[in-house]
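Before any comments, here is the structure.
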Amino acid sequence: MNDIPILPKCRSIVFETGNILNWNRLKKRPLTALPASEEILDSIRCLFNGWLNAQTEQHSLQYTDQLRVTCPVQKQLDMAQRQAMLDDREELRIYIKLTVYIDTYWRGAVSDAVETALASLAAEDCDGVVLSLVSSGPQPPLLDEVKPIWAELEELRAADVVGSLGLADVDSDLLEQLYDWAAEKPSIYQLSAQAACTAPSRLREFASANRLQVLVHSDPADPLPADRLRDIFGGVLGAADATGWQPGWLARITTSYRHRGVVSSWGFVSKVQRQVA
Amino acid sequence: MGLLSEGTPLSWSETQKHSEHVRQHGIRQFISLYYRLKDRTKDSLKWGDEVEYQLVRLTKSAASSSDQQQQQSQLASQLALVADQILPELQREEIENGGRASTLWRPEYAAYMVEGVPGEPYGHLLAHLNLVEANMRKRRAQVQSLLGSDVYALTLTAFPRLGCPDFCYPGAKPTPEGGVSCSAFLPDEVIYSGHPRFRTLTRNIRERRGKKVAINIPVYRDLNTPDGLLEPPTEHTAAALPGHIYMDAMGFGMGCCCLQMTFQACSITEAYLLYDQLTPLSPVLLALSAASPVHRGWLADTDTRWRVISGAVDCRTDEEMGLKPLERNRFRIAKSRYDSIDSYLSADGQAYNDIPLTMDEDILRQLMEAGVEPSLSRHLAHLFIRDPVSLFSEKIHQSDTEESDHFENIQSTNWQSMRFKPPPTNSTIGWRVEFRCAEVQLTDFENAAYVVFIVLLTRVLLTLQIDLLMPISKVDENFNRAQQRDAVKRQKFFFRSGAHLYDNDPELVKAELREFTLDEIVNGCQDFPGLVPLIRQYLSMSHTDVDTMCTLNQYLNLIQKRARGELLTTAAWIRKFVTEHPAYQRDSRCTEAISSDLMAKCVEITQGSYRPDELLPCTSSKTSDTLPQVISDAELYLDNRPRRNGPK
């Protein structure tokens, strides 16, 4: 670790894991059950370290403004899966769980996230996006904060880039308000797996009346806390590179074989950003 | 098995004359099937379970006793030989609707047994897992509704006093001098008589062997257990071993109930993979589901039915067992027709086939010349060393291309821990794998939990593509250990460690094989992530609806607690009930009084009116009869929706 920053001009990094299931196969990481809150962060750290070690020279990084950090080792395995995607899209189901940070949201961020996610799979469209929101403070998101984000999803839905829309973890008030306002209604509501046996009756009744699937997830509420992000940067690159980074969005991508209940790929793409003088 | 076709069974000597004919045409039938169907792909996941029930009659005991020391139970329990009376009614909906019904029923070996399966296979959605228990409840209710007020449909692996005096109703006497079983304990009336298949199998196995079957299970030694022979010897019990529970008929084994599952794979290659990867898991499931510690009124030193059935259908002659030099028989055969599998089927699995495989070389040659893969050829050449033990005159002459009864004849009388099932002729069904070890539990909740656990494991294996294979000799060693008394708590099992779940090097794997407790295998430890944590990882990547998740949490919770020893296995609970019963004399005997009280408790547990804390958790699932409409609609929508730049 040194005091000279490696990426002094960099304002935006996209992390792209590829298929994390392949990481296990390539022994990039032992097969253990990490707690959900750690999995994303650990994957970023792994990915970043691997990427850095693969850089033959670091001089050009001094000028880099935007960076794409991908997994250097598993091109071949991923290529085979990309080919399968092109040949056999009908046989696959692609779902994206999109976490948007309200604080750092910018118009176009959702589109950016979904298109980046699809490009990482060589896919043209996905079967569903479930939106999860992280607000800045302790108060839950407000409808007005959610509207522009949802509006972007509606555009993607209208263009058939996304097959269905969903929402995660919002309280019943917001769910019902959004449902009322939206042109394209959510068809999925996700809540935490811990709460599966005790889902509140107001939610269940609303879902039942409005044909919402109520599904569960095991994802942490905030998968990329800014301080943990900065720790990772500090650990991989050095303290000089760690300041200012904020999460932009995180798109978790799952691809499954239709009608077989077998997951073929799981991974994520994520954008983090900072201001630079 | 499907609806049994009627027919005229041949005698054993007649059957034997056609033995080679059946084998030769059976293989040709397989080759024909193989060619037509080996390249099938994209078959969806469909699967089903089979549950077997025993019909138990509980009545107030006729003999009231004033003998305080005996503490006679007020109840008597017997097996009710009424399957032939209720099956026509159970099958009525299916027959009237051209084979379709919400539940399907089949006879089983014993006149006190019936088998029920769901009318339609379950599908690929996680939400389908939430239907299993409700369907099982429906089946049980259906059977129960046809039974008299004092007869109960119990999912009991082994009736404790099968073969003891007065154990069945209507009463019947064993006929050791003649008849079909020639048993000193089991009357022939115990065999289902609505179809000749079971009596034919019984007689033919006995005649082929040259003597009645001999099952000897080590007795549980307690303070007052008799030394030497458990019972005074008679001319009909010469094969009894000292210190062992002796049984002498097919009915002791095939009259046990079990829980089976069949999965459709998307291709033949996936079927090989599932068959192989489930194999190291079979002893794990056997130990976890152990439910039969009592046989013929004696407490055994084992907890499962496995050795009992293995001995019950062992058709091997003395020559084949290596007790005499080979003269009239062709092969030394290491195992009974009912036992664990002898070889892996996948290409990668071949390196772990380390037990000698007895094969019919001519059949092997035919299969290889026909282009059937070597591993599959060897597997079939091994299955086909067996003689057919049942043949119907109407079925002797068959088409090699349009029919498959000869193939099924040999295939279905190799009763192994796994079965590899080709697609049937003239159907849309694909390559399938059957998982056959699990013992059946008392409640639908438990049975659904075990079934769902195994289904989830298959999805995890295919998703994570981990490799559990180990030398097949070690799997057999695990099988031995899995049957032992309290195996869950007292045994360790060979298992592949976490560091090698992705290794391709069999030598490395063999060198580093470790022994784990069941708790470590199921719940995880330093060296292995744990089957349940792996399942949870899979679930976190999948779309699970809230009710299904609640149900799955309950099921996984049960499995975890059983593995940890926090909840008893059914076998441990039964054993505890017997040994703690006031009438128990520390002599390993499960008397009529103890057995009847046990059966009464089992009825209460089944009905939900009694829940032993040490056996069952206090929560229940959110199982449902039907898929939520919103989920099936979503699937339909996704299958048909327009895509950007897509063909639709």
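Numbered from 1 within each chain, the chains take letters A, B, ... in sequence-line order. The model shown is predicted, which means the values in this text are computed figures rather than measured ones.
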Count the heavy-atom pairs under 4.5 Å between each of Ser542(B), Cys266(B), Gly530(B) and chain A, then report the option with the highest count. Cys266(B)

Under the ring-ring contact (aromatic ring centres under 6.0 Å, His included) definition, can you give me all pairs with a residue in residues 151-182 of chain A, not counting sequence neighbours? Tyr179(A)-Phe206(A)

Pick one of side chain, backbone, both or neither for Gln213(A), based on which atoms fall under 4.5 Å of a heavy atom in chain B. both

Top residue by heavy-atom pair count (under 4.5 Å) with chain A, among Val460(B), Asp43(B), Asp547(B), Leu539(B)? Asp547(B)

Give, as side chain, backbone, both or neither, the part of Glu270(B) having an atom under 4.5 angstrom from any heavy atom of chain A. side chain

Can you see whether Gln277(B) engages Asp467(B) through a side-chain donor-acceptor pair at a distance of less than 3.5 angstrom? yes

Tell me every residue that passes ring-ring contact (aromatic ring centres under 6.0 Å, His included) with Tyr450(B), counting only those two or more places apart in sequence or in another chain. none

Between Thr551(B) and Asn130(B), does any side-chain donor sit less than 3.5 Å from a side-chain acceptor? yes

Out of Thr548(B), Asp545(B), Asn553(B), which one racks up the most heavy-atom pairs below 4.5 Å with chain A? Asp545(B)

Salt bridge check: are Asp173(A) and Arg202(A) linked by an N-O gap of less than 4.0 Å? yes

Tell me, for Arg204(A) versus chain B, whether the close heavy atoms (under 4.5 Å) come from the side chain, the backbone, both or neither. side chain

Heavy-atom distance under 4.5 Å to chain B: side chain of Leu191(A), backbone, both or neither? side chain

So for Asp633(B), is it side chain, backbone, both, or neither that comes closer than 4.5 Å to the heavy atoms of chain A? side chain

Please state whether the side chain, the backbone, both or neither of Tyr189(A) comes within less than 4.5 Å of a heavy atom of chain B. neither

Polar contact flag, side-chain donor to acceptor under 3.5 angstrom, Gln554(B)-Thr619(B): yes

Lys/Arg-Asp/Glu bridge criterion (N-O < 4.0 Å) met for Arg107(A), Asp112(A): no

Heavy-atom distances under 4.5 Å only: say whether Thr254(A) touches chain B with side chain, backbone, both or neither. side chain

Between chain B and each of His217(A), Arg93(A), Glu91(A), Arg252(A), count heavy-atom pairs under 4.5 Å; write down the option with the most. Arg93(A)

With a 3.5 Å cut-off and no angle check, do the side chains of Ser44(B) and Arg258(A) form a donor-acceptor pair? no

Scored by heavy-atom pairs under 4.5 Å with chain B, the best of Ile188(A), Leu212(A), Thr198(A) is Leu212(A)

With chain A, which of Val455(B), Leu126(B), Thr544(B), Leu462(B) has the greatest number of heavy-atom pairs at distances under 4.5 Å? Thr544(B)

Chain B interface, residue from Asp219(A), Asp88(A), Val162(A) that has the most non-hydrogen pairs under 4.5 Å: Asp88(A)

Per-residue contacts, residues 516-523 of chain B versus chain A, heavy atoms under 4.5 Å: none

Note: Lys97(A) and Ala168(A) closest approach over all heavy atoms is CE-CB, 3.9 Å

Please list all pairs meeting salt bridge (charged side-chain N to carboxylate O under 4.0 Å, His left out) that have one or both residues in residues 616-626 of chain B, counting only residues at least two apart or in different chains. none

Taking only Lys NZ, Arg NE, NH1 and NH2, and the carboxylate oxygens of Asp or Glu, determine whether Asp125(A) and Arg641(B) approach each other closer than 4.0 Å. yes

Using a cut-off of under 4.5 Å on heavy-atom pairs, state which of Lys42(B), Met549(B), Gln264(B) scores highest against chain A. Lys42(B)

Any donor-acceptor pair under 3.5 Å linking the side-chain atoms of Ser621(B) with those of Glu133(B)? yes

A side-chain contact here means heavy atoms from C-beta on lying under 4.5 Å apart; do Val132(B) and Trp47(B) qualify? yes

